[in-house]
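The structure appears below as structure tokens.
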There are 2 protein chains.
Amino acid sequence: MARTKKIEQSQKVIAVEASQRNSAQTRLRILHAAEAEFADHGFDGVSVRQIAQRADVPVALINYHFGGKEGLYRAIFEMRAPMIIDQRVAGLRFAQMEPDQERKVEMIVKAVLVPNLHMRSTEKNSSYARILAREVSDPKSHQRGVIQEFFDPIAYKVMDALQTALPDRTTEEINWAYQAMLGVMVYTMADTGRISRLSDGRCDPEDEMATATHLVALMKAALLHGRPAGLPADDSEQRP
Amino acid sequence: MARTKKIEQSQKVIAVEASQRNSAQTRLRILHAAEAEFADHGFDGVSVRQIAQRADVPVALINYHFGGKEGLYRAIFEMRAPMIIDQRVAGLRFAQMEPDQERKVEMIVKAVLVPNLHMRSTEKNSSYARILAREVSDPKSHQRGVIQEFFDPIAYKVMDALQTALPDRTTEEINWAYQAMLGVMVYTMADTGRISRLSDGRCDPEDEMATATHLVALMKAALLHGRPAGLPADDSEQRP
DNA sequence: ACGGCAATTGAACAAGTTGACAAGAAATTT
DNA sequence: AAATTTCTTGTCAACTTGTTCAATTGCCGT
């Protein structure tokens with residue numbers, strides 16, 4: 001921090017930028033390389049050497065800056081999470097002011113889905129979206145605690161908003177509704193080409209607009225009209 | 001196969017079973033150990049040594065029986081996939097005979113969700129469900145081609161059934177609807193305790209009945225009532 | 001200008017990884 | 001009973017893994 005200020009004041013801005021001695025910048029380079037590699041191969045599928053090679057730095061620098069592989073992994077979330085969380089909070093604020101119930105629910109759904117879907121389709125950040133998707137379906141994530149630490153708070157806010165918009169729903173319904181939203185979102189973010197393949201190219205998660213339109217419509221309907229028939233015991237059909 | 005027949009005819013059944021000389025049995029033991037380990041740590045997070053140790057066999061046996069780590073991985077799917085695919089096909093057959101649209105959609109949803117959710121809550125097979133969840137969110141799965149080989153065919157059947165039940169929907173809508181279903185299912189199957197944590201214990205994926213009830217209701221509503229507003233261009237609200 | 005310090009480097013570390021091999025044991029066939 | 005196939009085992013060498021170390025570089029305030 002102190003050094004950055006100095007650099008700005010100095011006349012050698014260009015020289016410093018070109019030269020190798022710049023902590024913040026190499027940190028970022030490692031971070032980006034790690035992001036891409038982790039997204040492609042998962043936490044265990046990547047060696048620190050691969051990351052170092054991609055970032056064009058010696059391996060030891062990773063341990064110096066981040067204190068190990070896991071520290072580097074966490075640093076990625078520390079860098080990215082605030083951005084998308086802020087967007088969600090902003091979206092929820094909009095929804096809060098909406099009087100019409102149907103529109104309100106739709107805005108909540110959008111507040112959850114759109115920031116992530118947008119990130120997914122953005123070139124630079126697309127790899128982070130895939131890391132996120134991996135993390136939620138990795139039992140080790142529990143051990144790392146990244147999801148819990150960064151995303152549980154916003155989850156509670158979303159569910160509060162849902163409960164306000166749909167006061168007649170039970171807590172269980174609200175929870176499952178949120179899980180459903182998240183599931184759809186994560187699965188789409190994590191897509192490895194299967195959606196496009198199955199739809200013969202008609203559906204493309206990269207197409208942020210179309211994807212959001214369809215998914216928001218589906219989840220909005222699910223939240224508005226989806227209620228378990230007989231809550232205590234619903235044994236209509238049961239397949240073997 | 002030939003040996004198994006012989007064993008049944010032989011008088012030394014007990015001796016053979018107790019002793020170490022039983023190919024099919026050790027194969028299964030390795031398979032089960034691998035299933036558990038892969039589920040917990042992912043394909044890259046596990047070494048064949050760990051699996052061998054868990055199965056209590058020497059490492060070389062794995063290479064002998066399955067020709068390597070990836071062969072073992074695929075063998076798990078070859079063992080498990082048919083079971084759940086058969087269940088889905090059966091469920092779709094039931095749905096096909098249902099005249100009422102709303103019930104028909106519900107039965108299709110159940111045909112997709114219930115077999116997996118059941119497997120999830122079953123003690124013995126729960127690990128396979130988590131492997132499956134991992135595989136769909138792993139870009140390398142594309143490379144392995146397991147999902148494509150085993151599950152694409154049934155996916156097409158489900159979408160055909162959906163199209164029949166909802167004739168006015170576009171192909172895009174059918175595809176996205178299927179993706180949504182799958183996303184919810186996979187996310188629930190892959191759950192690492194977050195659902196229970198967020199809901200303060202109220203929602204438990206292990207509770208097959210409650211989980212299925214809620215998710216089926218949600219997805220049924222999504223399919224029946226979820227249609228994108230203006231298909232060509234829907235720019236009602238757009239958040240920054 | 002010079003010592004101090006953060007940043008960087010290449011080398012080395014111990015621990016663990018993989019696939020393969022030859023050789024042994026048990027069951028099956030000849 | 002001998003030969004053969006099928007299965008099992010312990011060990012091997014070559015290679016990665018994440019991390020640490022001592023040494024070096026270049027920027028900074030005094």
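A note on names: the letters A, B, ... follow the listed sequences, proteins ahead of strands, and every chain is numbered from 1.
Atom CD of A:Gln53 and atom C1' of D:dT16 are 13 Å apart (whole Å). One can place CD1 of A:Ile30 at 10 Å from C1' of C:dT8, the figure rounded to the nearest angstrom. The interatomic distance linking A:Arg29 (CZ) with C:dA7 (C1') rounds to 13 Å, in whole Å. Distance B:Ile62 CD1 to D:dC7 C1': 15 Å, rounded to the nearest Å. Atom CG of B:Leu61 and atom P of D:dT6 are 16 Å apart (whole Å). Summarising the geometry, the separation between CD on A:Glu37 and P on D:dT17 is reported as 11 Å, rounded to the nearest angstrom. Atom CZ in B:Phe43 sits about 13 Å away from atom C1' in C:dT17, given to the nearest Å.
Every salt bridge (Lys or Arg N to Asp or Glu O under 4.0 Å) that A:Glu149 has, sequence neighbours left out, goes to A:Arg74. Every side chain to side chain contact (heavy atoms under 4.5 Å, CB included) that B:Val216 has, sequence neighbours left out, goes to B:Glu106, B:Val109, B:Lys110, B:Leu113. Evaluation of the side-chain hydrogen bond (donor to acceptor under 3.5 Å, both in side chains) rule for B:Ser196 yields no partner, not counting sequence neighbours. Applying the side chain to side chain contact (heavy atoms under 4.5 Å, CB included) rule to A:Thr122 yields the partners A:His118; only residues at least two apart in sequence or on another chain are considered. For the side-chain hydrogen bond (donor to acceptor under 3.5 Å, both in side chains) test, no residue two or more places apart in sequence or in another chain qualifies with A:Asp207. With sequence neighbours excluded, the residues satisfying salt bridge (Lys or Arg N to Asp or Glu O under 4.0 Å) with B:Arg54 are B:Glu37.
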What nitrogen or oxygen pairs link the protein and nucleotides 11-16 of chain C at under 3.5 Å?
none

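You'll find the side chain of A:Lys157 reaches within 4.5 Å of the side chain of A:Leu92, heavy atoms only.
Shown for residues 63-78 of chain A: residues whose heavy atoms fall under 4.0 angstrom of DNA chain C, namely A:Tyr64, A:His65.
Nucleic acid contact for B:Val57: none, since no nucleic acid atom lies under 4.0 Å from a heavy atom of the residue.
For C:dA7, the OP1/OP2 oxygens have no side-chain nitrogen or oxygen of A:Thr26 closer than 4.0 Å.
Ring orientation note: the planes of B:Phe43 and B:Tyr73 are nearly perpendicular, at an angle over 60° on the 30°/60° scale.
For residues 125-137 of chain A, the salt bridge (Lys or Arg N to Asp or Glu O under 4.0 Å) pairs, not counting sequence neighbours, are A:Asp40-A:Arg130, A:Arg134-B:Asp138, A:Glu135-A:Arg144.
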